[in-house]
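The next block holds one structure in the form of structure tokens; read it before the comments.
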Amino acid sequence: MPLFDMPVDQLRSYTSSIIEPADFDSFWDATIAEAREFPLNASFIPTENLLTVIDSFDVSFAGFDGAPIKGWLHLPANRTTGEKLPVVVQYIGYSGGRGLIQQDTGWAQAGYAQFIMDTRGQGYGGLLGDTPDPHPSAGDVAYPGLMTRGIASRDSYYYRRVYVDTFRAIEAAQSHPDIDAAKVILTGISQGGGLAIAAAGLAAGRLDGVIALMPDVPFLQDFPRSIDVAARGPYPEIAHFLNRHRTAYESVLDVLNYYDGVHLAARCTVPALYSCAGMDDICPPSTVHASFNNYGTAAAQQPAKELEYYRFNNHEGGQEHHRLRQLHYVADLLAG
């Protein structure tokens, strides 16, 4: 498809017009404090994967409201006893779950610990999932999908639960004895990229150990513009909901404002490598740039940040080319 969003020179300076809520930080302080009242209960059960070079563990930990969240932990089988490994915590794209045990072990093959978080209520498309979303708001009036689940209130909105899960996933990964809790790298594609930004933003000032962020064509950024211009994917779920709930636009935006990655990106304090695709009509490039251009702006010292722009790609982004770029990025980061 042709370029449909802003020209590249405008993207480089584009910032979202949204104004964050005055109580944004206090809302998330209270939410994280409430989540931490539940014991983490992280467990790692060794599980056969039929891969001779990777050791895998079936993970469970307490997420939002103490609900159990599944995951995978993959470790290189040839790791040195007693040596603690840097960990890549990986979040999954919309509709997908943690997948089958052998399905994605790339970071462990590169010599790192790889922690994959299942996404509650997802796993019905793409990758298989194993974690339900038991919250009562699952039965509220909503458009099919997850973008409007619980959207009547910031407290019941679906992504409040998922963002807490991402935060607690970091804590769970750090609790494993073979993982270096001071070397955590967050990554994900699409929704996974948005969740990685959320996790990094929530960790800033609340949890030590995160050292880098790699959001790939990230979702959940600049909601007002995304709802207006995204032609495919999850954002249109919100537009379809508002097509019938015609007086709810302002109230819906008020709720989404507490979950916008643009605000969470501003709070990030670690180096970041973003990717963006110029023909992406699912996560439009202007919305990715809104997040990137706001990245670290609320930090005392703005962190280093880079963006790879794949001009002629849609939502597939850089794919294997970008994974290679990420491998180099992590290796250089850890080499100091």
Exercise for the section: Please report the C-alpha distance between Thr297 and Asn294 in whole Å, then the side-chain angles of each, then the deciding distance to 0.1 Å, and finally whether the side-chain hydrogen bond (donor to acceptor under 3.5 Å, both in side chains) criterion is met. Expected result: CA-CA 6 Å; Thr297 55; Asn294 208 37; 3.1 Å; yes

Exercise for the section: Start with the C-alpha distance between Arg160 and Tyr259, add both sets of side-chain angles, then the distance that settles side chain to side chain contact (heavy atoms under 4.5 Å, CB included), and finish with yes or no. Expected result: CA-CA 8 Å; Arg160 182 176 184 230; Tyr259 300 91; 3.0 Å; yes

Exercise for the section: Please step through side-chain hydrogen bond (donor to acceptor under 3.5 Å, both in side chains) for the pair Asp104 and Gln90, ending with a clear verdict. Expected result: CA-CA 10 Å; Asp104 183 358; Gln90 183 176 340; 2.7 Å; yes

Completion exercise
Only residue of Ile116, Val210, Val184, Thr187 satisfying side chain to side chain contact (heavy atoms under 4.5 Å, CB included) with Val89 is Val184

Handout entry: Among Leu334, Val87, Leu85, Ile185, side chain to side chain contact (heavy atoms under 4.5 Å, CB included) partner for Tyr112
Key = Leu334

Can you tell me how far apart [atom1] ([X]) and [atom2] ([Y]) are? Round to the nearest 0.5 Å.
{"X": "Asp254", "Y": "Ser153", "atom1": "CG", "atom2": "OG", "result": "11.5 Å"}
{"X": "Thr81", "Y": "Arg79", "atom1": "OG1", "atom2": "CZ", "result": "8.0 Å"}
{"X": "Ile101", "Y": "Asn49", "atom1": "CD1", "atom2": "CG", "result": "5.0 Å"}
{"X": "Asp222", "Y": "Thr287", "atom1": "CG", "atom2": "OG1", "result": "6.5 Å"}
{"X": "Thr31", "Y": "Phe64", "atom1": "OG1", "atom2": "CZ", "result": "7.0 Å"}
{"X": "Ile282", "Y": "Asn314", "atom1": "CD1", "atom2": "CG", "result": "6.0 Å"}

Problem - salt bridge (Lys or Arg N to Asp or Glu O under 4.0 Å) between Arg98 and Asp58, worked out - result: CA-CA 11 Å; Arg98 64 176 179 168; Asp58 190 350; 2.9 Å; yes

[X] bridged to [Y] by N-O distance under 4.0 Å:
{"X": "Asp5", "Y": "Arg225", "answer": "yes"}
{"X": "Glu171", "Y": "Arg168", "answer": "yes"}
{"X": "Arg161", "Y": "Asp65", "answer": "no"}
{"X": "Asp29", "Y": "Arg206", "answer": "yes"}

Decide whether [X] and [Y] are clustered together by the hydrophobic rule: side chain heavy atoms of Ile, Leu, Val, Met, Phe, Trp, Tyr closer than 4.5 Å, transitively.
{"X": "Trp72", "Y": "Leu75", "value": "no"}
{"X": "Leu207", "Y": "Val162", "value": "yes"}
{"X": "Tyr295", "Y": "Leu273", "value": "no"}
{"X": "Phe115", "Y": "Leu333", "value": "no"}
{"X": "Ile227", "Y": "Tyr158", "value": "yes"}

Problem - Residues, nucleotides or ligands: over 12 heavy atoms within 6.0 Å of Asp208 CG - result: no

Problem - Lys70 atom NZ: more than 12 heavy-atom contacts under 6.0 Å - result: yes

Practice task
Please check if the distance between the ring centroids of Tyr274 and Phe292 is under 6.0 Å.
Solution key: yes

Handout entry: Between Tyr235 and Phe219, ring centroids under 6.0 Å
Key = yes

Counting only N and O atoms by type, is there a donor-acceptor contact under 3.5 Å from the side chain of [X] to the main-chain atoms of [Y]?
{"X": "Asn293", "Y": "Thr15", "value": "no"}
{"X": "Asp280", "Y": "Val217", "value": "no"}
{"X": "Glu237", "Y": "Tyr143", "value": "no"}
{"X": "Asp260", "Y": "Phe223", "value": "yes"}
{"X": "His245", "Y": "Phe241", "value": "no"}
{"X": "Thr105", "Y": "Gln102", "value": "no"}
{"X": "Thr148", "Y": "Ile238", "value": "no"}
{"X": "Gln114", "Y": "His74", "value": "no"}

[Y] and [X], any side-chain heavy atoms less than 4.5 Å apart:
{"X": "Leu253", "Y": "Pro224", "answer": "yes"}
{"X": "Ser137", "Y": "Arg149", "answer": "yes"}
{"X": "Cys283", "Y": "Gln221", "answer": "no"}
{"X": "Thr131", "Y": "Pro68", "answer": "no"}

Exercise for the section: List the steps, then state whether side-chain hydrogen bond (donor to acceptor under 3.5 Å, both in side chains) holds for His135 with Ser156. Expected result: CA-CA 8 Å; His135 195 270; Ser156 62; over 6 Å; no

Exercise for the section: Begin from the C-alpha positions of Leu324 and Glu320 and carry the test side chain to side chain contact (heavy atoms under 4.5 Å, CB included) through to its verdict. Expected result: CA-CA 6 Å; Leu324 182 60; Glu320 68 277 7; over 6 Å; no

Problem - Pair listing, ring-ring contact (aromatic ring centres under 6.0 Å, His included) test, anchored in residues 168-198, at least two apart - result: Phe44-His176, Phe57-His176

Practice task
Step by step, work out the side chain to side chain contact (heavy atoms under 4.5 Å, CB included) result for Trp28 and Leu202.
Solution key: CA-CA 8 Å; Trp28 284 110; Leu202 292 175; 3.7 Å; yes

Exercise for the section: Would you check, one step at a time, whether the test salt bridge (Lys or Arg N to Asp or Glu O under 4.0 Å) holds for Asp180 with Lys84? Expected result: CA-CA 5 Å; Asp180 187 341; Lys84 292 183 179 292; over 6 Å; no

Exercise for the section: Run through Glu316, His321, His322, Gln319 and flag the one making a side-chain hydrogen bond (donor to acceptor under 3.5 Å, both in side chains) with Tyr310. Expected result: His322

Handout entry: Under 3.5 Å side-chain donor-acceptor pair for Asn257 and His263
Key = yes

Handout entry: Verdict with supporting geometry, Tyr91 and Leu186, side chain to side chain contact (heavy atoms under 4.5 Å, CB included)
Key = CA-CA 8 Å; Tyr91 305 106; Leu186 308 179; 4.0 Å; yes

